[in-house]
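See structure below.
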Amino acid sequence: MKGLIDLRRLGQYAAAAAAAVTLNFLLPRLMPGNPLVLIAGVDVGLLTPEQRAEIIARVGLDAPLWQQYLRYWADIFTGDFGYSFRASRPIVDMIRDRLPWTLLITGLSLAISAVAGVILGAVSAWRRGSKTDLGMLSGMIALEALPPFWLGMLFISIVSVQWGLLPSFGAVTPASGLVGWEHIEDILRHAVLPVATLSILSVPGVYLTMRYSMLETLGEDYIRTARAKGAGEGRVLFGHVARNAISPVITVLAIRLGFAFGGTVIIETVFSYPGLGRLVFEAVSGRDYPVMQAAFLVFTVAVLAANLAADLLYPLVDPRARTS
Amino acid sequence: MTDVSVDHGKAVPLLEIEDLRVRFELPTEVVHAVGGISLEVAPSEIFALVGESGSGKSVSMLSVMGLLPSPPAAVSGSIRFEGREVSGMSGRELNRLRGREAAMVFQEPMSSLNPVHRIGRQIGESLRIHRGVTRSEARRRAVYLLDRVGIPAAASRVDDYPHEFSGGMRQRAMIAMALACDPKLLIADEPTTALDVTVQAQIIDLVRELQAEYRLAVVWITHDLGVVAEIADRVAVMYAGRILETGPASEIYGATRHPYTSGLLRSIPRLDRQVTSRLAEIPGAPLKVSQELRGCPFHQRCPLGQDDCGDALPELEAAGAPAHRSACVHRDQMGPSIELWPAGAAGEPRTYGDGRREVVVSVRRLEVHFPAVRGSARSRRRVVRAVDGVDLEIERGRTLGLVGESGCGKTTLGRALAALVRPVSGSIQITGRPIDYRSGRRRVVQMIFQDPFSAMNPGMRVGDIIGEPLRIHRLASKPRIQERVLDLLEQVGLPPGAHGRYPHEFSGGQRQRIAVARALAADPEVVVCDEPVSSLDVSVQAQVVNLLADLQAGNGMALLFIAHDLAVVRHISHEVAVMYLGEIVERAGRDRLYGSPLHPYTKALLEAVPAPSPAVGPDRNRIRLTGDLPSPADPPPGCRFHTRCPVAVEGLCSIRKPELEEVRPGHWVSCHLVSR
């Protein structure tokens with residue numbers, strides 16, 4: 001049936017997610033050394049023998065592997081990602097605090113870079129070979145080569161420090177007591193620089209894909225047919241080229257999201273932004289393995305979800321991809 | 001229609017082209033695609049522009065529509081449409097002309113339709129652009145037009161996407177799109193080349209019918225002289241960017257005054273003539289023009305060519321009948337009694353050996369199935385029965401021709417023979433031994449493919465390409481490989497210097513010779529030729545066909561010759577099998593099959609072939625197959641052909657499946673209505 005979700009495709013994603021969870025389960029248990037360190041963090045050295053015994057019993061490290069595995073799954077479905085002894089908090093609470101901030105800046109930057117990349121790529125391809133095209137092309141290639149932390153620090157030193165326009169760290173002004181619209185404005189002002197940095201970093205990928213895809217599409221026979229019909233430039237561009245050219249961009253955006261999450265580790269650290277990326281950075285520097293693992297799992301699921309969304313979106317753009 | 005008269009009392013032509021030149025300035029080279037042509041097309045006439053690939057026929061018509069990308073194209077000269085100069089038009093004026101007054105239909109209907117828009121929307125788009133009609137009015141007109149071009153149940157198909165249409169239906173939709181605004185001129189660029197011969201016949205009929213109804217002028221661009229004879233009033237023959245001959249179709253076919261036209265007409269095998277042992281050949285390959293022509297572009301390949309032919313560019317001049325003009329200084333030496341292009345004697349193809357017969361290939365109850373659709377689980381059990389119970393034999397030194405529409409399974413059968421796909425059941429024996437699917441052991445069956453360029457590794461030198469089978473099968477010791485390769489090059493008529501060069505340095509015909517040499521290197525018992533000449537220029541096809549026949553007469557290889565061109569198959573084959581939806585429906589000796597075909601499908605196929613002679617052309621009263629090949633994933637019950645068969649008997653053909661039976665010695669037919 002037309003438009004119906006392809007069950008096999010869903011199954012593939014479920015399998016990929018299960019594989020990620022399994023890997024996450026096995027890694028600490030297969031690595032050399034005391035698995036307790038990997039499951040409870042390096043702070044186990046500070047624990048009393050009773051506390052250790054309690055953790056071993058609670059995580060079930062004394063049980064057979066298959067029982068541990070089933071239990072691991074049960075924990076994930078009940079939202080139990082373990083306990084961070086370093087932060088003295090359940091990990092799920094930490095993720096709940098951090099995830100919204102990361103979703104905010106990655107979501108915004110992905111949307112911005114998608115729109116900007118598609119438009120700029122389309123303009124560039126439409127005027128292929130012109131000065132505009134070559135200027136944009138070399139500009140984008142230069143942008144892609146920028147180191148992310150350097151760009152972030154440049155923004156801080158110029159926009160925040162020299163011009164004093166925007167805050168340079170955090171997601172909200174601490175202890176400001178702002179409410180309502182002022183609170184939202186405060187959040188947005190804090191998000192501007194991280195979002196700008198992330199967007200600038202992912203625009204070139206979208207731009208290059210769109211430009212190339214447009215050039216390919218412009219050479220297609222059906223574009224010649226459209227011109228032979230007497231279609232004007234605007235009709236050719238928007239009616240015939242754009243929709244065909246955009247399909248590969250959807251796939252690239254999904255892949256881009258994976259990079260965006262990776263990018264947040266650096267960007268959130270540079271801007272001291274309290275998101276998941278910074279949490280990973282903190283966990284890495286504090287060797288808080290359980291937190292790292294939980295964060296990786298969240299990243300994995302998010303990337304899979306983005307790919308699934310792209311797969312579901314694709315048939316809307318290209319009727320040939322609809323199952324019949 | 002009113003004739004608009006001008007001073008000299010002549011009707012104003014619809015389209016006038018004067019000294020049109022098109023140059024492509026590419027980064028690596030300059031190509032003079034059109035080198036100064038002039039022509040006129042009158043209102044409501046059918047004008048054919050004939051030429052091989054690269055002759056400039058499409059380029060010249062694309063420049064009429066202003067559709068050449070510039071750069072790299074540089075166009076000069078005058079193009080007038082109803083007296084208005086097209087070449088100086090602004091983009092806006094050009095857009096008013098395109099689609100409204102002059103429309104165009106292209107070769108590949110699939111790629112020429114936008115895959116993401118519905119058919120109806122694409123047809124209605126011209127009306128929306130030029131007539132400013134509403135969306136619903138455009139859709140209503142689209143239904144009418146689809147119905148007019150013969151799409152069954154048009155109202156229910158108008159919202160389909162292009163991929164849901166068959167090839168023939170797509171070309172009908174393209175024609176509907178072109179006619180949406182009642183244009184005065186229709187340019188059809190090889191509109192039937194990508195289609196099967198049965199569908200081609202339908203499209204030709206349709207265009208002729210619409211032309212008469214709408215008083216359209218049609219410029220039909222093609223390389224196929226048979227199609228031209230079917231449809232054209234007047235013809236211009238192009239070569240290397242020049243018009244070499246022009247005139248009424250009957251003159252061109254009956255009394256050509258140019259050696260090139262005469263060569264083309266002589267070198268194509270024809271169903272309406274006796275088979276000769278060899279086809280007449282035009283030597284060499286079409287010219288690629290990289291600088292302004294100084295002399296006759298054809299003189300190096302021409303039997304009348306003399307030194308002075310290369311010194312001055314011949315212009316079109318009156319030759320014989322009125323309106324017949326030829327660009328050949330020797331045009332007056334040509335006449336019906338002079339044979340410029342000698343062919344071999346009539347009769348059987350030359351045969352190998354002493355006439356003793358030995359079966360080399362024996363195929364029994366062969367079935368090759370493929371999964372129907374990738375993806376959804378529900379369809380996993382459905383299969384495409386590409387080859388569904390085929391028996392055949394090929395004897396040493398003989399050729400079995402295999403014909404049928406695309407999708408009938410003929411290519412799959414050839415691939416199964418070459419052990420490239422595995423059958424689900426049945427057996428294939430080569431010289432009495434079953435096929436060995438281990439990759440290193442497939443020496444006995446070799447293949448020659450349709451497109452010789454994509455079938456060769458572009459990074460390998462020709463010597464290595466031909467030598468590879470020798471190394472794989474250890475047929476020659478290392479020092480002897482080179483010697484053997486040079487020997488093979490000589491056999492296929494290539495110079496020894498070809499050895500160290502790369503495939504892209506050769507023309508299409510030469511590349512196919514390389515492919516033949518590579519196949520021969522393995523010293524095979526059987527060579528499967530899958531459409532070996534259909535991607536080649538008309539003037540080169542005869543060379544490759546003659547080469548294959550010569551080689552066979554020398555080494556006794558058995559050939560399976562798969563092709564859609566029934567005339568070529570007739571020329572080279574000893575026996576012919578006709579395939580329909582995975583089954584062989586008729587098999588017989590060549591002369592019997594072509595002379596007295598029994599199966600209605602064979603008859604329809606043969607009748608669909610256009611004869612390159614206007615005399616027998618348009619007025620033939622023939623059986624036309626309707627519709628397209630049904631899906632091989634879901635073949636009709638009973639006789640698979642009954643859905644398209646003009647003589648099918650309800651209650652018999654739709655229920656009982658006919659068996660392939662020997663109705664006369666050596667003549668096998670699978671049809672209820674053919675009695676022994």
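The sequence lines fix the lettering, A, B, ..., with proteins before strands; numbering per chain opens at 1.
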*Would you tell me whether S535(B) and D451(B) have side-chain atoms, one donor and one acceptor, within less than 3.5 Å of each other?*
no
Applied to residues 221-246 of chain A, the ring pair (Phe, Tyr, Trp, His ring centres under 6.0 Å) test, sequence neighbours excluded, yields H240(A)-H117(B)
Side-chain donor-acceptor pairs of residues 111-121 of chain A under 3.5 Å, sequence neighbours excluded:
residue : atom : partner : partner atom : Å
S113(A) : OG   : S109(A) : O            : 2.9
S113(A) : OG   : L110(A) : O            : 3.2
S113(A) : OG   : S202(A) : OG           : 3.2

Of the listed G129(A), G239(A), A226(A), the one with the largest count of heavy-atom pairs under 4.5 Å with chain B is G239(A)
Answer key: most heavy-atom pairs under 4.5 Å with chain A among E125(B), R128(B), E108(B) is E125(B)
| request: List the steps, then state whether salt bridge (charged side-chain N to carboxylate O under 4.0 Å, His left out) holds for E233(A) with R227(A). | output: CA-CA 8 Å; E233(A) 297 294 276; R227(A) 291 189 199 281; 3.0 Å; yes
Worksheet item: Under the 3.5 angstrom rule, does the side chain of T192(B) hit a backbone N or O of L195(B) as a donor-acceptor pair?
Response: no
Which of R139(B), R135(B), R140(B) passes side chain to side chain donor-acceptor pair (under 3.5 Å) with E137(B)? Answer is R140(B)
Checklist line | Main-chain N/O of F165(B) paired to D160(B) side chain as donor or acceptor, under 3.5 Å | finding: no
Only one of F81(A), F25(A), W66(A) passes ring-ring contact (aromatic ring centres under 6.0 Å, His included) with Y72(A), and that residue is F25(A)
**Prompt:** Taking the six-membered ring for Trp, are Y69(A) and W73(A) parallel (under 30°), tilted (30 to 60°) or perpendicular (over 60°)?
**Reply:** perpendicular
Between the CZ atom in R235(A) and the CD1 atom in I129(B), the distance rounded to the nearest 0.5 Å is 4.5 Å
Those residues of residues 177-188 of chain B that come under 4.5 Å of chain A on a heavy-atom basis, listed by number, are M177(B)
Ordered numerically, the heavy-atom neighbours of chain A under 4.5 Å found in residues 84-107 of chain B are N95(B), R98(B), G99(B), A102(B), M104(B), F106(B)
